[in-house]
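Note: hydrogens, waters and symmetry copies are ignored here, and every other heavy atom, side chains too, is used. Numbers here are sequence positions counted from 1.
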Amino acid sequence: MVNYINCASAPIKVLPLELLDNILVLAVDVEKTTAAANGLSSLSWMKIGHVCRQWYGVLKMRKSLWNEIVAVNPDVTTLFLERAFKPSVRLAIRVTDDSDSEETRTHLFDVLEQFSDKIVSLDMEMPGAMWETFCNGREPWQMRRLERMRLWTYGVTDPVPATSVVPFSAPMVKELITCRFSLTTIQPLMSQSIERLEVLGNVQVPASDIWMAFGRMGAKPNLTHLAVCATVIDDGTRQDIDLPRLQKLVLPVRNTAAADMFTHIVLPSSASITLEVECDDLDLDEVKAIIKTISPKINEIVSCNGFKTCNLYHVNTAHTNMVFAPALEERGAVANGAHTRSAGEQKFRSQPELRSQLELKSQGKLELVLSSYQEEEEAQVYDALAEDLKPSLKQVTVLKIEDMRAYNAPGLPPTRTMIGPFPSRLVRVLKRDFSARNDTWRSELVCSRLWKMELHYVRFRKTYHDNSADDFSETNVKNLTIRYAVNLEGKDAKDLREAIPWVDWTGPLGAEDGGNDDDDDVEDVFGETVTEPDEDEDNVVEEEVVVTGDVDIVATSGNDAAVAEEGVDGKSEE
């Protein structure tokens, strides 16, 4: 006998409230995603609460749903602020033709001021003129719970007047990001609680304002991230600043005053430093003066932290990066022929970029960027770097050079050669030999302690031999990686294998010149000695060490027997 049971679905109202709460939260997330994808109102999720009184009550009590607030309508903003637990407010005001826009703005400001003691994050964006009116026309907001603040203006030519002072009191703010605000304008926000400070927008800031801002943060500020992207005005003031907890420093250097400011900052060894020398408004002498000012500090940091890796990135004809960092491999491991590695180590070797990020995160790095320099002055800029950073470059044991990666199509050989200012003028400098009777110039290897080199996107020319000595007699190179071995002839490959235990390359041997002039004589380029340079000092010196690098780095280890017989493709022949 078969019994039939009525299995009709139970109404949703019989669900436990905690289960209904979870369901509605998921529904709200789906609706927010759908609305954003289709350009609908960010408040469309509120219609879910219109289904019934029970759903309305559940959404109203879920305070986290009301935390994200875009302040447009004063009444809706009030509703959200009343229900939110940790409100994060985003306010963006632009100039409009609406007759009631000023009244709406005033009403919004009144609402935010009313709940200012509750807001934990505030993001405000207005034109500079509106900021001036706002700063000069309101009483200070008491924001005791505020942890993050972002203050922004529109347009490069629309900064906030330096005479304005923001009407905020936020003693607990940890992250402060401003754009086109002077330090005097945001002075009330400076406190020892700040951990991240970014002053953006290239406003003009007197040096005394910088020392004042640091002074308000205490003797040893809690800053972990600092970016001062402003034009420092030299007013003759100097002060040493100790930032013991700093993890990241970003400092554009647009003049010698900013360079001098860098020399007065005391940093921990684990900090990652980015210095960008912006040369667009500087002449060659000013660029050299900046390099000479910051070089002693850079040399000190590189020496104290033991940075032995140097990456040279030639981004384009007016932009070069130099990155000093800890060596990712110990010299002894390769020199002693250590071929066995754990699975974890093998994984790191297969993901060099990931490994590099993990290593540098814990040990810090120093990046020097030169941008917008004159192409015709490139050689002189590199000569100044090689001379003033010689202590740092002499410490380098691993050198990687990459030339204009974005300009090289995948699978095609690079179009530029190593014969030029980059990288040869950084790898070696030209010195006059006063001991010789004739007016003789010789090249001096700057990175004289190299044991590993990686060359990427640079056409490799055949090596030059001086009295049967190989090109690497000045170094202890044990590992050489060449990407696109254009113009590497069979004899040169044999000589490299005899000089270096581990050599790895890609590309055919003996490839054609690939677009260079027919009269570009290799022997002229890599001559035994270099006579007196021409008036422009752009004679190319002999290349005793050829290097460049980065992309899919593969450092193939082995012994002399393993690489003794290699075919034209750089692979061992059986």
Side-chain angles (χ1 to χ4, degrees), residues 162 182-184 187 190 197-217 219-221 223 225-244 246 248-269 271-305 307 320-324 364-373 377 380-393:
S182 67
L183 287 175
T184 54
Q187 179 179 348
M190 295 299 170
L197 175 62
E198 297 184 20
V199 181
L200 312 177
N202 191 20
V203 295
Q204 293 190 349
V205 177
S208 57
D209 288 357
I210 297 177
W211 314 133
M212 175 273 299
F214 285 131
R216 292 179 64 90
M217 296 181 190
K220 294 186 176 182
L223 281 172
H225 291 73
L226 174 63
V228 182
C229 302
T231 299
V232 181
I233 305 301
D234 191 358
D235 55 10
T237 60
R238 299 291 185 273
Q239 184 176 341
D240 291 332
I241 301 297
D242 186 8
L243 303 177
L246 200 68
K248 184 175 181 179
L249 171 66
V250 178
L251 180 63
V253 180
R254 301 184 174 97
N255 51 35
T256 53
D260 197 47
M261 183 187 107
F262 168 67
T263 65
H264 285 76
I265 299 178
V266 181
L267 304 166
S269 60
S272 293
I273 305 168
T274 300
L275 301 174
E276 182 173 358
V277 181
E278 300 180 358
C279 309
D280 19 10
D281 296 327
L282 304 175
D283 58 33
L284 180 60
D285 290 337
E286 290 173 319
V287 174
K288 288 183 176 180
I290 289 175
I291 294 174
K292 188 170 291 293
T293 300
I294 64 179
S295 290
K297 183 77 171 184
I298 293 177
N299 292 331
E300 177 187 353
I301 292 172
V302 171
S303 175
C304 293
N305 294 338
F307 291 168
T320 301
N321 289 23
M322 299 180 65
V323 182
F324 293 96
K365 67 174 183 177
L366 191 151
E367 180 176 7
L368 176 61
V369 181
L370 287 98
S371 64
S372 303
Y373 50 76
E377 298 175 347
Q380 289 86 346
V381 172
Y382 289 155
D383 284 342
L385 287 171
E387 182 66 27
D388 294 330
L389 294 178
K390 186 181 296 184
S392 295
L393 293 171

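A distance of 9.5 Å separates OG in Ser272 from CG in Leu246, rounded to the nearest 0.5 Å. Atoms CD and CG, from Glu300 and Leu267 in turn, are 10.0 Å apart once rounded to the nearest 0.5 Å. Atom CZ in Phe307 sits 11.5 Å away from atom CD1 in Ile298 (nearest 0.5 Å). For the atom pair Glu286 CD and Cys279 SG, the distance stands at 10.0 Å (nearest 0.5 Å). Of the inter-residue distances, the one linking Asp280 atom CG with Arg254 atom CZ reads 8.5 Å to the nearest 0.5 angstrom. Within the model, atoms CD1 of Ile241 and CE of Met217 stand 9.5 Å from one another, a figure rounded to the nearest 0.5 Å.
Taking the six-membered ring where the residue is Trp, His264 and Trp211 present tilted rings, their angle falling between 30° and 60°.
Listed here is the closest heavy atom pair of Asn305 and Ser269: OD1-CB, 2.8 Å. What you find for Ala230 and Val203 is that their closest heavy atoms are CB-O, 3.2 Å. A pairwise comparison of heavy atoms in Thr184 and Ala162 identifies OG1-O, 3.2 Å as the closest pair. Closest approach of Thr237 and Ser208 over heavy atoms only: OG1-N, 3.4 Å. Pairing each heavy atom of Pro252 with each of Ala258, the nearest pair is O-CB, 4.1 Å. Here the closest non-hydrogen pair linking Asp260 and Thr293 is N-CG2, 4.0 Å.
At least one donor-acceptor pair closer than 3.5 Å links the side chain of Lys297 to the backbone N or O of Ile265.
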Given side chain to side chain contact (heavy atoms under 4.5 Å, CB included), test Met322 with Leu393 step by step and report yes or no. CA-CA 11 Å; Met322 299 180 65; Leu393 293 171; 4.1 Å; yes
Step by step, would you call Ile273 with Phe262 a side chain to side chain contact (heavy atoms under 4.5 Å, CB included)? CA-CA 10 Å; Ile273 305 168; Phe262 168 67; 4.1 Å; yes
As a quick check of understanding, evaluate side chain to side chain contact (heavy atoms under 4.5 Å, CB included) for Val205 and Val232, giving each step before the final call. CA-CA 5 Å; Val205 177; Val232 181; 5.7 Å; no
Run Leu183 and Val199 through side chain to side chain contact (heavy atoms under 4.5 Å, CB included) and show every step you take. CA-CA 8 Å; Leu183 287 175; Val199 181; 3.8 Å; yes
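Partners of Lys292 under the salt bridge (Lys or Arg N to Asp or Glu O under 4.0 Å) rule, at least two apart in sequence or in another chain, are Asp388.
The side-chain heavy atoms of Glu377 and Val287, taken from C-beta on, include no pair separated by under 4.5 Å. Between Met190 and Met212, the closest side-chain pair of non-hydrogen atoms is not below 4.5 Å. Residues Tyr382 and Thr320 meet the side-chain proximity criterion, which asks for heavy atoms closer than 4.5 Å.
The only option from Leu385, Val381, Ile291, Leu368 that meets the side chain to side chain contact (heavy atoms under 4.5 Å, CB included) definition with Val277 turns out to be Leu368. For the salt bridge (charged side-chain N to carboxylate O under 4.0 Å, His left out) with Arg238, the lone residue among Asp235, Asp234, Asp240 that qualifies is Asp234.
Environment of CD in Gln204: sparse, with no more than 12 heavy atoms of neighbouring residues, nucleotides or ligands closer than 6.0 Å.
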